[in-house]
Undergrad: 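Let me give you the structure first, and then I'll get to my questions.
All heavy atoms count here, side chains included; hydrogens, waters and symmetry mates do not. Letters A, B, ... are given to chains in the order of the sequence lines, protein chains preceding strands, and every chain is numbered from 1.
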Amino acid sequence: MAPKRKAQTQEVAAEDGFELELEEAALSDQETYDKVRNQFDAVALSKRARAERGTDAASFMFKKCDQWDSNLKPDHMNRPLWIDDAGRIILESFSPIFDEAQDFLINIAEPQSRVSRMHEYSLTTHSLFAAVSVGHSTKEIMQRLEKYSKTPLSPTLCKFIEGSTSSFGKAKIVLKKTLSYIESDDPTILQRLLRDPQIAQCRADTTDGLIQEAAPQIGVMAIPGTKLAAGAKQVTQTTEPDQNPDNPQNVQNPGDMIAALREDDEDEEVAQVHSFQINKADRENVIKRCLAIGLPLTEEYDFNNDDVNPNLEIDLQPHAQIRYYQEKALSKMFSNSRARSGIIVLPCGAGKTLVGITAACGVKKSALVLCTSAMSAVQWRAEFLKWSNISPDDIAVFTAENKQAFPRQAGIIISTYTMITGSKTRSYDSEKVMKFITEREWGLLIADEVHVVPANIFKKVTYNIASHAKLGLTATLLREDDKIEDLNFLIGPKLYEANWQELSEQGHIARVQCAEVWCQMTPEFYSEWLKPSTVQKRAMLSIMNPRKFQACEFLINYHEARGDKIIVFSDNVYALEKYARKLKKAYIYGGTPQAERLRILENFQHNEAINTIFLSKIGDTSLDLPEATCLIQISSHYGSRRQEAQRLGRILRAKRRNDEGFNAFFYSLVSKDTDEMYYSSKRQAFLVDQGYAFKVITRLEGIEQQPTLSFRTPQERRELLLEVSLANESELGEERIAGDLFGSKFASKGGKAKRAGARRTAGTLSDLSGGQDMAYIETNKSRNKELKKKGVQNNFLRKMQTSHSNLKKANK
DNA sequence: AAAGGTGGAA
DNA sequence: CAGGATCCACCTTT
């Protein structure tokens, strides 16, 4: 703490205009930097807090505008950026140089929200770190910001950028011949590191000075699958103008000195690099320590010069043509012919898998792919075989049922996070494969869906597995907690983030109409809802709201008539089953056995008669349903933005997306005047930021004309209410089964926890229905007969339900 | 011996 | 913030 207790006053000042006074003379670089950074954070926080507090989210922006007005550059209309002192950047998307500016901003700033006319970014220490690590220099960042900004950059901001960039990304951790080196083009940085006792202790080589050698040639890396790799010399056609920042043609204003300066930079950098070696065992510690003292290391893998690890024979199939944004993302990873660790953010359905595969083809070393479920592990393998020419022997899946390693020197293993991190006792085979994995060196580690991996788990992964480069793939780099930050340091900076809107405009992902349907609660349900009761009960009531049910039914009818394939999501398993049964549709939840799921999905995809399925949370991830074109959400997990985004992602890859005028639909059904309203708005935040407009529908056109909707009479509604209430009570503890007409309690608790209990009760129930002894097995059969008797019309449905072997529930 | 249920874990 | 879903290892059964 500085002796001068100015913090208070400064914070107050910060609230209103953010005036900084720094006594630079008294402070070292590091201190200056810390101070600037702290104040930045404080300002950003207070602003955000104020905005979120909701007094008026927009007012401070207007205030900022007043300030900006005063010093606009004369030609400001040609410049697309508004930048304030706290690093908030507003980008006008209608600017002529929008593309150029956006490409640049994506590299240096964090996208906050990208709605159609204006995109908001914010400069953070971390985003600047990422910028430097993908090769932008301080000078370049400043100059280009200055170029795009409508107002002159404030000294505060300049100081911030300088402070962040000068210390970030200067030192790299590089593996050469499997040994770890800390490398930098500036020897003073290394000396500064070595002065730190903890780091010095980890040093491996015994030389006094530093190792010095010529820097590697910075060449254009040929990314497999691009025309460049195919041998075509016309690079400019395939690459976006801004992909290569060193391309002087990008400089629009010839008066700018950027190009010249940039070239100077290059010359300096190419000259020489210095390094010292560290003990491999201490690698984690060094990275951590460097982070702590403000000099984080970037991690790069010089795979071309790695002759210790055997090469893997893998190349993309000739027919695999990667798209420009995938190429852009990969070029960030592979510039200067090394593999850089980091995270690539692409919307679901935009080809994350292909990016991963291409990366593996680029590195051509053994690779380890980690995904969240065993199912997607199998899918990854299939994709590998489809897109690359890798021999099937070289690619193994390591899950509970499939424990293999590859027989040859190099290969690919696909596994799950749980399998790798699991600390419990393993079977002998698992142990063997784990040993195989931990004892070898991996060229590339691909982490699928990194956002779901809590940092501490991934720490374990990085600790256990020696991998030279790590690539994280995700669609939604956000979590409701703050663990996402840790990922930045465990894997690396975010290398690329695609813009959903842009991709959908170009037809890479489907266009989506989003709508929120507000359903009135019926009087019976609302008065019940108003009674003091538990959160669960209220939630249940709002989900089971008959009007919502009708809306759902109406939408299904409407979209089935249009020829859409519909997925209905419900987090609540009880509601899921209720809806699905009432509407005679197939449904899948956690308790549905594997074979059953596959059958249902198969039918959904290929059977003309099955156009709607109901899914529980299970459908959120790793279920590939390219047929779906319409999505209805009837209940959801509180305010989880990620879930919303991922569900939307389910329909983004719609096969028919390139049809003329094709639209996918996303409905969120919300019971009016309940908690759902609040959660719904919160959940949408991310999608809105990605530029999706949510329409609010309060009345469905033509719903009155539908004569066949369920729950039209108050009588039916009261029955439903009764059912729901009873189901709810029994759920809340007591083994109450009377009146539980559909045995729904057990359906909703399909999980293992209550299975034993369920079985016992099922016995009792089957007593009631006449199956006297060994009730458990018999239950199914008698139930099936019942179903047949009831005359289920739909062939498929009957077939499906007959073989629904996991029915712990007894139907009345 | 496959297939499927159970329990524990995170 | 809690409960659901998932995964794995072990244990039973045509």
Undergrad: Where does the angle between the aromatic ring planes of A:Phe666 and A:Phe694 fall among parallel (under 30°), tilted (30 to 60°) and perpendicular (over 60°)?
TA: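 Correct class here is perpendicular.
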
Undergrad: Nearest whole angstrom, please: distance from the P of C:dG3 to the CE of A:Met540.
TA: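 It works out to 14 Å between those atoms.
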
Undergrad: Report the distance from atom NZ of A:Lys537 to atom C1' of C:dA2, rounded to the nearest whole Å.
TA: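 From A:Lys537 NZ to C:dA2 C1': 20 Å.
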
Undergrad: Might you work through the salt bridge (Lys or Arg N to Asp or Glu O under 4.0 Å) test for A:Lys537 and A:Glu528, ending with a clear yes or no?
TA: CA-CA 10 Å; A:Lys537 175 141 194 220; A:Glu528 188 71 22; 3.0 Å; yes

Undergrad: Reckon A:Thr372 has a side-chain N or O less than 4.0 Å from the OP1 or OP2 of C:dT6?
TA: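 No, no such contact exists.
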
Undergrad: Hey, does the side chain of A:Thr416 come within less than 4.0 Å of C:dC8's phosphate (OP1/OP2), counting only N and O?
TA: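 Answer yes for this pair, as a side-chain N or O of A:Thr416 is under 4.0 Å from OP1 or OP2.
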
Undergrad: Using the rule given for side-chain hydrogen bond (donor to acceptor under 3.5 Å, both in side chains), can you reason through A:Tyr587 versus A:Glu577, listing the C-alpha separation, both sets of side-chain angles and the distance that settles it, and then say yes or no?
TA: CA-CA 7 Å; A:Tyr587 63 96; A:Glu577 200 198 15; 3.1 Å; yes

Undergrad: Is A:Lys585 close enough and on-axis enough to A:Tyr579, meaning under 6.0 Å and within 45°, for cation-pi?
TA: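 A:Lys585 over A:Tyr579 ring: no.
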
Undergrad: Rounded to whole angstrom units, what separation is found between the CD1 atom of A:Ile414 and the P atom of C:dC7?
TA: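 Computing the A:Ile414:CD1 to C:dC7:P distance gives 15 Å.
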
Undergrad: Between A:Glu644 and A:Arg647, is the closest basic N to carboxylate O distance under 4.0 Å?
TA: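 No.
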
Undergrad: Figure out the CG/P separation between A:Leu370 and C:dT6, and round it to whole Å.
TA: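 One finds 19 Å between P of C:dT6 and CG of A:Leu370, rounded.
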
Undergrad: So, is A:Ser616 near the phosphate of C:dA5, with a side-chain N or O under 4.0 Å from OP1 or OP2?
TA: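 So the side chain of A:Ser616 is within the cut-off, an N or O lying under 4.0 Å from OP1 or OP2 of C:dA5.
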
Undergrad: Starting at CE of A:Met419 and ending at P of C:dT6, how long is that distance when rounded to a whole Å?
TA: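 The distance from CE of A:Met419 to P of C:dT6 comes to 18 Å, rounded to the nearest Å.
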
Undergrad: What nucleotide, of C:dC8, C:dA9, C:dG4, holds the atom closest to the side chain of A:Lys617?
TA: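 Of the candidates, C:dG4 comes closest.
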
Undergrad: Given atom CG of A:Asn402 and atom P of C:dC8, what is their separation to the nearest angstrom?
TA: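 One finds 11 Å between P of C:dC8 and CG of A:Asn402, rounded.
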
Undergrad: Rounded to the nearest angstrom, tell me the gap between atom OH in A:Tyr417 and atom C1' in C:dA5.
TA: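 Nearest whole value for this atom pair: 17 Å.
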
Undergrad: Any chance you could encode DNA chain B as dot-bracket? Rule is Watson-Crick or G-U wobble with both distances under 3.5 Å; [ ] for pairs crossing earlier ones, | for another strand.
TA: .||||||||.

Undergrad: Distance-only, no hydrogens or angles: does the A:Ser366 side chain make a donor-acceptor pair with backbone N or O of A:Ile412 under 3.5 Å?
TA: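 Checked: no pair found.
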
Undergrad: Please determine if a side-chain N or O atom of A:Ser373 lies less than 4.0 Å away from the OP1 or OP2 oxygen of C:dC7.
TA: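 Checking C:dC7 against A:Ser373, a side-chain N or O does come within under 4.0 Å of OP1 or OP2.
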
Undergrad: Run the numbers on A:Glu676 and A:Arg683 for salt bridge (Lys or Arg N to Asp or Glu O under 4.0 Å), then give the verdict.
TA: CA-CA 10 Å; A:Glu676 288 184 358; A:Arg683 288 164 60 82; over 6 Å; no

Undergrad: Distance check needed: C:dG4 P versus A:Tyr574 OH, whole Å only.
TA: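 Computing the A:Tyr574:OH to C:dG4:P distance gives 15 Å.
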
